[in-house]
2 protein chains.
Amino acid sequence: MGNSEGTERTDAQEEIMSATYEALCEHGYAALTVERIASELGKSTAAIHYHYETKDELLVAFLDYLLDGMNEWIDTKPDAEPRKRLAGLLDGLLPAEPHDRQFTVAMLEMRAQAPYNESFRAQFVERDERTRELLKTAIEDGADAGVFDGDADAGDAARSLMALVDGGWTRYVVLDDEAALTDARETAREYVESVLAA
Amino acid sequence: MGNSEGTERTDAQEEIMSATYEALCEHGYAALTVERIASELGKSTAAIHYHYETKDELLVAFLDYLLDGMNEWIDTKPDAEPRKRLAGLLDGLLPAEPHDRQFTVAMLEMRAQAPYNESFRAQFVERDERTRELLKTAIEDGADAGVFDGDADAGDAARSLMALVDGGWTRYVVLDDEAALTDARETAREYVESVLAA
DNA sequence: CCTACCGATCGGTAGG
DNA sequence: CCTACCGATCGGTAGG
């Protein structure tokens, strides 16, 4: 689940989440240790275990913290016309200048751990579902407005676009290809115009 | 580089590679230790360090071994007509029934380590380039034959298809979505028919 | 929330 | 290629 809305966090917990983020970006997920988080926090490892019993519990809370923080930008332009709204969503999902490469790299590491951590997987699935729903709604509204093909399955189209989004990020990280996000965005655009357009 | 063709391996080295594969599938990349490989091999860890000085050296050799082994299926149907050849390539890249999920999971873990291991990255880049070249050639031949749009950039189209391929696999692993590969294949098909078709 | 520490595990090596 | 072992590092805890 991941308690999408009101995850209560004390100030101390908030500081630990922030320190975890810094340590993650600096060392990557594989080298992320309680010691390094504590160092970033400026306290002892015991201080962390006081708030989170195990490292796994901390990491699950951390992923929740991360995905919470990502839910703000995504609801931009909810009132724009469907075609523009869909384009805006894709621009947000495949940004022209990604914020922090280190972070993106670490995110793929965390994603790759999903098969070994059911809580991780559940959170990534939930986030995927929510994102796909936004795409689907924009596509459906576009079909209602006559700009997209009404016979196309909006849910399937949303899945197709998400495959391009995930592929773009994977290639950006694995191949260290700066253009991978731009390429994926352009392909998504072609897909919308050629497959989806009425 | 990765010595794509004639990587010489002794029998002992071949056995270590095979044992590494088994240990990788069983425990995943993050939990892949020299000890576990040795256990799968039925020998001591010193036996492994006799053939590979460091764990990293072993892993680089192992990735080379893996990608070597993947270069066989991919050249199927080199003589078919372009449209069929492209479809065959995509079927190979996004198979209906992937062989071993555990292995696929571990491969994403290894891909996610590319930013921390230049040898890994170089091997993934090389493999990507080779695969894209196959797609590009099929698309170009299709354009020459008049079945694909001659104005489309074949290299760009190949990149687009690779984003779908990588996205499909990432989603298959991260979301544990059995249909992710089929969905990506279908989207690739739509892309070929709607964007690429003459 | 700290100091001090434990048991487990890791990659790697000496000596044969 | 084995036995035996080392130094480093890990997550976690006792006791305050």
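We name chains A, B, ... by the order of the sequence lines, and we start the count at 1 in each one. Side chains included, hydrogens not; waters and symmetry mates left out as well; all remaining heavy atoms used.
Between the CD1 atom of A:Ile16 and the P atom of C:dC1 there is a distance of 7 Å, rounded to whole Å. A:Tyr50 places its OH atom 18 Å from the P atom of D:dG15, with the value rounded to the nearest Å. Rounding to whole angstrom units, CD of residue A:Glu35 and P of C:dT3 are separated by 12 Å. One interatomic measurement links the two molecules: CD1 of A:Ile37 to P of D:dG12, which rounds to 11 Å at whole-angstrom precision. At whole-Å resolution of the value, NE2 in A:His51 and P in D:dG12 are 16 Å apart. Residue A:Glu15 contributes atom CD, which lies 13 Å from atom C1' of C:dC1 at whole-angstrom precision. Per the geometry, CG belonging to A:Leu58 stands 15 Å off P belonging to D:dC10, to the nearest Å. Atoms NZ (A:Lys43) and C1' (C:dT3) sit 16 Å apart, rounded to a whole Å.
Checking C:dC1, D:dG11, C:dC10 against the side-chain heavy atoms of B:Arg36 singles out C:dC10 as nearest. Of the candidates D:dC2, D:dG11, D:dA14, D:dA14 carries the atom nearest the A:Ala46 side chain, counting heavy atoms from C-beta on. Here C:dT13 is the nucleotide among D:dG12, C:dC1, C:dT13 with the atom lying nearest to any side-chain atom of B:Thr45. Between D:dG12, C:dG12, C:dC2, one nucleotide has an atom nearer to the side chain of A:Lys55 than all others, and that is D:dG12. Checked against C:dC2, C:dA14, C:dG12, the side chain of B:His49 finds its nearest nucleotide in C:dG12. Of the candidate nucleotides C:dC2, D:dG12, C:dT13, D:dG12 has the atom lying nearest to any side-chain atom of A:Thr54. Of the candidate nucleotides D:dG12, D:dA14, D:dC1, D:dC1 has the atom nearest to the side chain of B:Ala47.
Under the Watson-Crick and G-U wobble criteria, each requiring two contacts below 3.5 Å, nucleotide D:dC10 is paired to C:dG7. Under the Watson-Crick and G-U wobble criteria, each requiring two contacts below 3.5 Å, nucleotide D:dG15 is paired to C:dC2.
Side-chain atoms of A:Tyr65 and A:Gln13 include no donor-acceptor pair closer than 3.5 Å. A donor and an acceptor atom, one from each side chain of A:Ser160 and B:Thr187, are located under 3.5 Å apart.
The shortest distance between side-chain heavy atoms of B:Arg101 and B:Asp176 falls below 4.5 Å.
At a threshold of 4.0 angstrom between heavy atoms, the contacts of A:Ser44 include nucleobase atoms, whether or not backbone atoms are also involved.
Salt bridge status for A:Glu118 with A:Arg121: present, with a side-chain N to carboxylate O gap under 4.0 Å.
The CE atom of B:Met110 lies 9.0 Å from the CD atom of B:Gln113; values are rounded to the nearest 0.5 Å.
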